[in-house]
Amino acid sequence: MLQDPPPTEPLHIDARGSAEAGTAAPTLSTPAVDAGVLDNPAWSSLTGRHRHLAEGNEHVLRYPADVSPFVGVKDWEHPDVWEAILELFGHGATVSVSHADPLLPAGWAPVFSVPGVQLVQTDRLAPLPDEEAIELGAADSADMLALVERTRPGPFEPRTHELGRYVGIRREGRLIAMAGERLHPEGWTEISAVAVDAEHRRQGLASRLVLDVAFNIQQRGDRALLHASATNTSAITGYEKLGFALRRRLTFGAVRTP
């Protein structure tokens with residue numbers, strides 16, 4: 001488990017095997033969708049379905065701190081981008097950087113950098129609603145945060161559930177597993193926050209919830225994607241078995257403003 005969680009998470013998919021990520025090329029089904037937005041999913045999400053949550057300016061947008069640490073940058077090569085980030089975050093701030101590895105100007109410092117992978121659904125994915133899954137919302141926020149604290153799947157804030165549909169499984173009233181939607185680049189929805197209590201793993205709960213979330217994504221006409229730490233090979237193998245495949249390798253990290 002990462003000591004400094006990047007803006008993605010090592011997801012706990014119940015799977016066996018040692019296949020490396022990327023052994024199968026994605027086979028996207030029809031109708032075709034624009035996969036180019038996946039190169040900059042935070043920007044696409046913050047200028048699209050999540051525009052009501054966006055804070056920032058013409059070059060950089062962010063979510064409220066109690067929603068998500070993700071930051072969308074329109075163009076890292078624009079000459080005004082660094083001033084725009086400084087204007088939004090101020091001096092001495094930690095800024096999330098994903099899907100990019102920009103050359104930092106003088107005075108800016110890296111905080112951490114973690115290799116990751118982006119996976120997308122293929123024709124092999126067979127989404128399926130789960131009869132035990134219940135939808136989660138604001139009333140479940142404390143339980144969701146408690147599960148995140150126990151399992152450390154990655155960044156999850158008090159209002160993260162506002163990013164999309166979240167589902168969970170309760171046993172004897174206790175929330176023991178969950179999954180949901182995070183970024184919404186145009187035509188796509190990211191599956192995220194997959195977490196299962198340690199004593200309930202190896203029961204297929206994570207896979208069931210991923211397929212349930214994917215089913216509702218499909219019903220809306222979107223396609224599913226996800227991110228994981230490149231070192232989390234067990235999760236990646238599990239996703240490949242469900243019908244996801246590697247689209248690209250990338251970097252997740254953070255920088256500190258001067």
Side-chain angles (χ1 to χ4, degrees), residues 1-2 5-15 41 45 49-50 67-70 116-122 125-171 174-185 188-220 222-229 232 234-244:
M1 185 62 64
L2 299 171
T8 186
E9 58 273 347
L11 304 175
H12 304 291
I13 295 294
D14 297 317
S45 186
R49 194 173 299 174
H50 286 160
V67 173
S68 173
F70 265 93
V117 295
Q118 183 184 78
L119 305 170
V120 294
Q121 73 171 76
T122 71
L125 183 68
L128 183 70
D130 190 273
E131 62 181 16
E132 193 178 4
I134 58 173
E135 294 199 6
L136 304 173
D140 304 288
S141 180
D143 288 345
M144 298 168 79
L145 289 168
L147 179 59
V148 167
E149 179 65 24
R150 298 193 300 272
T151 58
R152 300 291 184 180
F156 194 90
E157 306 300 335
R159 293 174 56 207
T160 296
H161 60 85
E162 296 181 18
L163 294 177
R165 176 178 177 268
Y166 281 81
V167 295
I169 293 176
R170 290 185 181 273
R171 297 279 172 82
R174 179 182 172 91
L175 184 66
I176 54 95
M178 74 174 185
E181 302 172 355
R182 187 167 61 182
L183 296 179
H184 291 262
W188 299 80
T189 299
E190 180 194 19
I191 299 175
S192 181
V194 182
V196 180
D197 265 335
E199 62 269 30
H200 294 281
R201 292 175 189 167
R202 302 294 181 185
Q203 299 175 26
L205 300 182
S207 297
R208 286 167 49 189
L209 290 179
V210 166
L211 292 177
D212 181 278
V213 175
F215 179 82
N216 280 270
I217 291 171
Q218 183 183 70
Q219 292 298 297
R220 289 200 307 269
D222 275 5
R223 299 187 60 81
L225 77 142
L226 51 88
H227 297 93
S229 167
N232 195 0
S234 63
I236 295 168
T237 298
Y239 281 128
E240 289 177 333
K241 288 182 177 180
L242 289 178
F244 290 87

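Other residues, nucleotides and ligands place more than 12 heavy atoms under 6.0 Å from the CD atom of Gln219.
Screening Gln121, Arg49, His184 against Asp222 for a side chain to side chain donor-acceptor pair (under 3.5 Å) leaves a single residue, Arg49. The side chain to side chain contact (heavy atoms under 4.5 Å, CB included) test with Ser234 is passed by exactly one of Asn232, Ile236, Thr237: Asn232.
Between the side chains of Arg220 and Thr189, at least one donor-acceptor pair of N or O atoms lies under 3.5 Å.
Atom-to-atom distance recorded for Ile134:CD1 and Met178:CE is 12.0 Å, nearest 0.5 angstrom.
No side-chain donor-acceptor contact under 3.5 Å links His50 to the backbone of Leu183. Remark: the backbone N or O of Asp212 is not paired with any side-chain donor or acceptor of Asp130 at under 3.5 angstrom. His227 contributes no side-chain N or O that, together with a main-chain N or O of Ser192, makes up a donor-acceptor pair within less than 3.5 Å. Panel note: side chain Thr151, backbone Asp197; no donor-acceptor pair is recorded below 3.5 Å. In this structure, the side chain of Arg201 engages the main chain of Val196 through a donor-acceptor pair within 3.5 Å. With hydrogens and angles disregarded, no donor-acceptor distance shorter than 3.5 Å links the side chain of Tyr166 to the backbone of Ala179.
A salt bridge does not link Glu199 with Arg150: every distance from a Lys NZ or Arg NE/NH1/NH2 to an Asp or Glu carboxylate oxygen is 4.0 Å or more.
Residues Ser207 and Leu242 form a side-chain contact, since some pair of their non-hydrogen atoms from C-beta on lies under 4.5 Å apart.
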